[in-house]
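For the numbers below, each heavy atom of this structure counts, side chains included, while hydrogens, waters and symmetry mates do not.
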Amino acid sequence: MATNSSAPREPFHLSMLIYDARYRGWTVQVITFCILVIAAAWLVDNTIRNLAALGKDFSFGFLWSTAGYDIAPHAIDYSSTSTHARAALVGLLNTLIVAALACVTATFFGVLAGVLRLSDNWIVARLMTVYVECFRNIPALLWIIVIAAVMSEAMPAPNAFRGENPTASMLFWNSVAVTNRGIYLPVPEFSRSLGQAPDALGAFDLSYAAILLVLVFSLLTRRILIKHAHRVQSATGERPTTWWKSLTVLILPLTVLLYATGFHLDYPTLKGLNFTGGLQLRNAFIALWIGLSVYTGAFIAENVRSGILAISRGQTEAAHALGLSSGRTMRLVILPQALRIIVPPLISQYLNITKNTSLGLAVGYMDLRSTLGGITINQTGRELEGMLMMMLIYVAISLTISGAMNIYNNRVKLKER
């Protein structure tokens, strides 16, 4: 006769929600969630009551009114008659542009300083130590202001480039001018443009979009070629030649497109009191870009150094025993393994760069904080709506960066069997 050996379950009673470990965690979470909901409801209700007492409502209709102020630089068409929504979009693009460039240059400075700080050359290692300790222990805002002051006060005025014996000269075969009003660079133009995108998308030249698509196509094609070469090498032991195929897919489509669109460069020229033509990088943009790059690069350098030191010394000795040089050992053996340690804190540094772009307000850079969170709020009096929008945009940008970098981190992390 079969018997049930399991003990009978204790009947449920309310005291178990507190004294029983099986239910206590759920109880605490439910109570905490209810408290948060009640607190949020009280804040919303209190805000609505205070706005009503001031004769104000909660509305985003101000976004479609005329902004009435200029923004420089602007990546898309914009004028003082544009709407506040357009001004916010221009500020957002300015934020994304300087953040993306600063992430790239800060990574370059950080990797370079982190590797050189471990150099056997005493002078190089100490110089990198001075760089790291100086830049990361001084607030980023001070570096931004110092760079802006240097650009404004130490660089020559445009009239210094005038005359038979000018006191200043353009660089790189008379194509780049560094002045106290900014840096003037050649800018790509197309004599046979593919047309303009709709105004809702920014009214930019479609030729730039075509170039971007061709580059993406070429890179994907090259990746397919490399994977095919890996498969052939694994199957036969011989690797097929791919260098000429890679050069063809990278250069030929782009060259054909540039020729078809009439690609040429528009160089800056001195006319009147200033340079015309080309692309002007204003002092505020340069100061914010370089300031964030060198400041955050010092932190990234320490992340890189710690990642390299975490790799066993035996990896370096084994690579040298195989005949690899120090440079190839670092590039092919050490850094790929150190990435799994470097990338997680690197994500935080990229997020810091994105949020620190708001410091551009101190030097007059018109980013999201200066447009939506500054002039627009002052003109419309919609401080609650403006700040709420700005917070949500920064959260969305940060989550996007974090998600993308976490995907990359999952690809480079050590996979255990």
Side-chain angles (χ1 to χ4, degrees), residues 51 54-101 148 158 181-185 187-190 193-209 212 266 268-269 271-289 357-394 396-397:
L51 288 175
L54 295 174
K56 301 174 62 176
D57 59 345
F58 187 80
S59 172
F60 293 95
F62 70 96
L63 291 174
W64 315 116
S65 60
T66 302
Y69 61 92
D70 294 321
I71 299 177
H74 48 84
I76 59 176
D77 287 344
Y78 175 84
S79 65
S80 58
T81 59
S82 301
T83 63
H84 285 291
R86 187 78 169 186
L89 178 59
V90 172
L92 174 60
L93 291 177
N94 286 346
T95 294
L96 295 177
I97 290 171
V98 73
L101 292 175
R181 299 182 183 180
I183 299 177
Y184 295 84
L185 304 172
V187 63
E189 287 195 351
F190 307 92
S193 174
L194 298 179
Q196 296 287 322
D199 185 69
L201 299 178
F204 60 89
D205 196 325
L206 291 176
S207 301
Y208 292 107
L212 180 61
D266 178 27
T269 56
K271 293 182 179 180
L273 300 178
N274 203 355
F275 283 89
T276 60
L279 173 66
Q280 180 187 8
L281 302 182
R282 296 177 179 270
N283 289 339
F285 172 81
I286 297 171
L288 184 60
W289 177 17
T357 55
S358 59
L359 296 175
L361 178 66
V363 291
Y365 184 69
M366 299 295 288
D367 67 331
L368 183 66
R369 170 65 181 87
S370 300
T371 55
L372 177 62
I375 300 177
T376 293
I377 287 179
N378 291 334
Q379 287 188 355
T380 62
R382 296 288 180 173
E383 62 283 347
L384 180 62
E385 295 90 335
M387 286 298 175
L388 180 61
M389 284 185 61
M390 192 168 60
M391 291 167 60
L392 292 177
I393 291 172
Y394 277 118
I397 296 173

Note to self: Main chain of Ser59, side chain of Glu385: is a donor-acceptor contact present, judged purely on distance under 3.5 Å?
What the structure shows: yes
Note to self: Can you confirm whether Arg86 sits close enough to Ile76 that some side-chain heavy atom of one is under 4.5 Å from a side-chain heavy atom of the other?
What the structure shows: yes
Next item on the list: For Ile97 and Ala75, work out which heavy atoms get closest and say how close.
Entry: CD1-CB, 3.9 Å
Notebook entry, point to check: What is the minimum heavy-atom distance between Pro73 and Val90, and which atoms define it?
Noted result: O-CG1, 4.1 Å
Notebook entry, point to check: If you draw a 6.0 Å radius around CE in Met387, do more than 12 non-hydrogen atoms from other residues or ligands fall strictly inside?
Noted result: yes
Check: Has the side chain of Arg369 got a donor or acceptor atom that lies under 3.5 Å from a matching backbone atom of Gly373?
Finding: yes
Checklist line | Distance in Å, Leu93 CG paired with His74 NE2, rounded so as to fall on 0.5 Å steps | finding: 12.0 Å
Next item on the list: Would you name the heavy atoms of Gly364 and Ala284 that are closest together and state the gap between them?
Entry: C-CB, 4.0 Å
Notebook entry, point to check: Does the side chain of Arg181 reach to within under 4.5 Å of the side chain of Pro158, using non-hydrogen atoms?
Noted result: yes
Margin query: Set out, in order, the CA-CA distance, both residues' side-chain angles and the distance that settles side chain to side chain contact (heavy atoms under 4.5 Å, CB included) for Thr269 and Thr276, then state yes or no.
Written below: CA-CA 5 Å; Thr269 56; Thr276 60; 3.5 Å; yes
Note to self: How long is the straight-line distance from CG of Leu96 back to CD1 of Ile393, given to the nearest 0.5 Å?
What the structure shows: 9.5 Å
Notebook entry, point to check: Do His84 and Gln379 have side chains that get closer than 4.5 Å, going by heavy atoms?
Noted result: yes
Check: Does Thr376 reach the main-chain N or O of Thr371 with its side chain, forming a donor-acceptor pair under 3.5 Å?
Finding: yes
Next item on the list: Show your reasoning for whether side chain to side chain contact (heavy atoms under 4.5 Å, CB included) applies to Leu92 and Ile397.
Entry: CA-CA 10 Å; Leu92 174 60; Ile397 296 173; 3.7 Å; yes
Note to self: Tell me if a side-chain donor or acceptor on Ser207 pairs with a main-chain N or O of Ser193 at a distance below 3.5 Å.
What the structure shows: no
Notebook entry, point to check: For Gly182, does its backbone N or O pair with a side-chain atom of Asn283 as donor and acceptor, under 3.5 Å?
Noted result: yes
Next item on the list: Calculate, to the nearest 0.5 Å, the distance between atoms CG and CG belonging to Leu288 and Leu361 respectively.
Entry: 10.5 Å
Notebook entry, point to check: Rounded to the nearest 0.5 Å, how far apart are CD1 of Ile377 and CZ of Arg382?
Noted result: 11.5 Å
Item checked: Minimum heavy-atom distance Asn94-Asp367, with the two atoms named -> CB-CA, 4.3 Å
Note to self: Just verifying a value: how many Å separate Leu388 CG and Leu372 CG, rounded to the nearest 0.5 Å?
What the structure shows: 10.0 Å
Note to self: Using a 6.0 Å cut-off, check whether atom CG of Leu392 has over 12 heavy atoms from anything other than its own residue.
What the structure shows: yes
Check: How many angstroms lie between OH in Tyr69 and OG in Ser82, if you round to the nearest 0.5 Å?
Finding: 10.0 Å
Margin query: Parallel, tilted or perpendicular, judged at 30° and 60°: which one describes the rings of Phe190 and Tyr208?
Written below: perpendicular
Check: Any side-chain heavy atom of Ile71 sitting closer than 4.5 Å to one from Ile375?
Finding: no
Item checked: Backbone of Ala287 reached by a side-chain donor or acceptor of Tyr365 within 3.5 Å -> no
Checklist line | Distance-minimising heavy-atom pair for Tyr394 and Ser358 | finding: OH-CB, 3.9 Å
Next item on the list: Considering non-hydrogen atoms only, spot the tightest contact between Leu185 and Leu281 and give its length.
Entry: CD1-CD1, 3.6 Å
Notebook entry, point to check: How about Met389 and Leu63: do any of their side-chain heavy atoms sit closer than 4.5 Å?
Noted result: yes
Next item on the list: Answer whether the closest heavy-atom distance between the side chains of Met366 and Phe285 falls below 4.5 Å.
Entry: no
